[in-house]
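Data first, discussion second: the structure below is written as structure tokens.
Note that this is a predicted model, so its numbers are computed, not measured.
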Amino acid sequence: MNTTMHIETTLSGNQGSFVSNAKSMTFIARTGDVEPGCALQVNLGGRASLALVRLADEFFVIDDTCTHGAASLSEGDIIDGDIECPFHGGCFDIRTGAVTASPCIKALTVYPVKVEDGQVFAALDAGTCADTSA
């Protein structure tokens, strides 16, 4: 069973955006804000919700809205590296965003992540989608 957590990220102090390897990185949450095997909905304001997913000690940032319907994926279960939509049971690979179970047919966008000093940052301008050729 997945425990749903929600966070409204506010930027203050040393948090916020910074540039690393020519990519702007945005503060998403603290590593302790999400338990292993869970997802955390993150609302940054001005953009669609994101999901911060923790698999063991790895962190992934993906779009939070299912591509099949307007469901929050952070409210779904995490099973063997996939996140399941709570509405119709479609699944996505958390690492790549690829669809792994119907009725979903369009992949999610996955964003590059950096973890530093107990904080998770993502390059929101560098997301990739498994449906798009590189």
Rounding to 0.5 Å, atoms CG (D33) and SG (C38) come to a distance of 12.0 Å
Considering only residues two or more places apart or on different chains, which pairs with a residue in residues 97-106 satisfy side-chain hydrogen bond (donor to acceptor under 3.5 Å, both in side chains)? D82-T100
Can you tell me if R54 uses its side chain to pair, donor with acceptor, with the backbone of V34 under 3.5 Å? yes
Of the non-hydrogen atoms in A51 and S74, which two are nearest, and what is the gap between them? CB-CB, 4.4 Å
How long is the span from the CZ atom in F60 to the OG1 atom in T96, to the nearest 0.5 Å? 10.0 Å
Apply side chain to side chain donor-acceptor pair (under 3.5 Å) to D117 and list each qualifying residue two or more places apart in sequence or on a separate chain. none
So how far is it from E75 CD to Q41 CD, rounded to the nearest 0.5 Å? 6.5 Å
Verdict with reasoning, C66 to F87, per side-chain contact (heavy atoms from CB on, under 4.5 Å): CA-CA 9 Å; C66 178; F87 279 5; over 6 Å; no
Only one of T65, L50, D64, D63 passes side-chain contact (heavy atoms from CB on, under 4.5 Å) with L73; say which it is. D64
Looking at every non-hydrogen atom in both residues, tell me the closest pair between C85 and A71 and how far apart they are. SG-CB, 3.5 Å
Using a 4.5 Å cut-off on heavy atoms from C-beta on, say whether the side chain of T109 contacts that of I62. no
Following the transitive rule for hydrophobic clusters with a side-chain heavy-atom cut-off under 4.5 Å over Ile, Leu, Val, Met, Phe, Trp and Tyr, establish whether V115 and L40 coincide in one cluster. yes
Heavy atoms, side chains only, cut-off 4.5 Å: are F92 and T67 in contact? yes
Let's go through L124 and L44 carefully: what are the C-alpha distance in whole Å and the side-chain angles of both, what is the deciding distance for side-chain contact (heavy atoms from CB on, under 4.5 Å) to 0.1 Å, and is it a yes or a no? CA-CA 11 Å; L124 302 180; L44 298 176; 3.4 Å; yes
Between I94 and I78, is there a side-chain heavy-atom distance shorter than 4.5 Å? yes
Heavy atoms, side chains only, cut-off 4.5 Å: are V120 and T31 in contact? yes
Are any of the side-chain heavy atoms of R95 and L55 separated by less than 4.5 Å? yes
Decide yes or no on side-chain hydrogen bond (donor to acceptor under 3.5 Å, both in side chains) for Y111 and D125, but give the supporting numbers first. CA-CA 8 Å; Y111 301 90; D125 59 348; over 6 Å; no
Heavy-atom check, side chain of F121 versus side chain of T26, under 4.5 Å: no
What's the separation between atom NE2 in H68 and atom SG in C91, rounded to the nearest 0.5 Å? 12.5 Å
How long is the gap from CD on Q119 to CZ on F27, to the nearest 0.5 Å? 5.0 Å
